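Here the structure comes first, spelled out in structure tokens, and everything after it is commentary.
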Amino acid sequence: QVQLVESGGGLVQAGDSLRLSCVGSGRTFNNYAVGWFRQAPGKGREFVGVRGWSGDRTYYADSVKGRFTISRDNAKSTVYLQMNSLKPEDTAVYYCAASWRIGTSEDEYRYWGQGTQVTVSS
């Protein structure tokens with residue numbers, strides 16, 4: 001069993017940066033790949049990026065590539081999503097999720113956090 005808790009969301013202006021954190025609990029958390037997804041109002045959940053358990057493989061959605069970076073500190077059981085040059089269209093609830101596979105589909109993820117709201121004003 002793995003529990004995930006996100007934090008770090010908030011209201012920022014376009015062009016600002018924000019860092020989200022995802023703290024995992026459970027003795028096997030560091031063996032999981034951790035992905036980030038987001039869901040804007042009225043839309044489905046969208047893949048943002050994923051980082052493998054060892055940190056050697058990372059993939060991003062084209063919409064955030066070059067602006068967002070995922071890192072992980074296994075000693076702290078924490079995965080970060082650094083978001084730079086934020087745009088109003090980045091406004092969404094952001095979720096972290098854990099999977100045995102490095103996937104881009106939400107169906108591949110077994111454990112989910114509760115989400116944290118990110119709002120970017122223009």
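Source: prediction; values computed, not measured. Only heavy atoms go into these numbers, but all of them, side chains included; no hydrogens, no water, no symmetry mates.
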Exercise. What is the distance from atom CD of E89 to atom OG of S122, rounded to the nearest 0.5 Å?
Worked result: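 E89 CD to S122 OG: 10.0 Å, rounded to 0.5 Å.
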Does [X] share a hydrophobic cluster with [Y], counting links as ILVMFWY side-chain heavy atoms below 4.5 Å and allowing steps through other members?
X	Y	value
W53	Y80	no
V50	W112	yes
F47	V93	yes

Exercise. Between L81 and F68, is any pair of side-chain heavy atoms under 4.5 Å apart?
Worked result: yes
For this session: Could you point out which residue of T91, V64, V12 forms a side chain to side chain contact (heavy atoms under 4.5 Å, CB included) with L86?
Result: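 By the side chain to side chain contact (heavy atoms under 4.5 Å, CB included) criterion, L86 pairs with just one of T91, V64, V12: V12.
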Problem set entry | side chain to side chain contact (heavy atoms under 4.5 Å, CB included) assessment of Y60 paired with I70 | CA-CA 9 Å; Y60 299 97; I70 300 174; 3.7 Å; yes
Problem set entry | Donor-acceptor under 3.5 Å (N84 side chain, S17 main chain) |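 Such a contact is absent between N84 side chain and S17 backbone.
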Exercise. Cation over ring, R45 on F37, under 6.0 Å and within 45°?
Worked result: no
For this session: Starting from the C-alpha separation in whole Å, work towards a yes-or-no answer on ring pair (Phe, Tyr, Trp, His ring centres under 6.0 Å) for W100 and Y32.
Result: CA-CA 5 Å; W100 287 114; Y32 285 83; 4.2 Å; yes
Exercise. Is it true that K87 and D90 have a side-chain N and a carboxylate O under 4.0 angstrom from each other?
Worked result: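 No, this pair does not count.
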Problem set entry | S121-Q13 side chain donor-acceptor pair, cut-off 3.5 Å | no
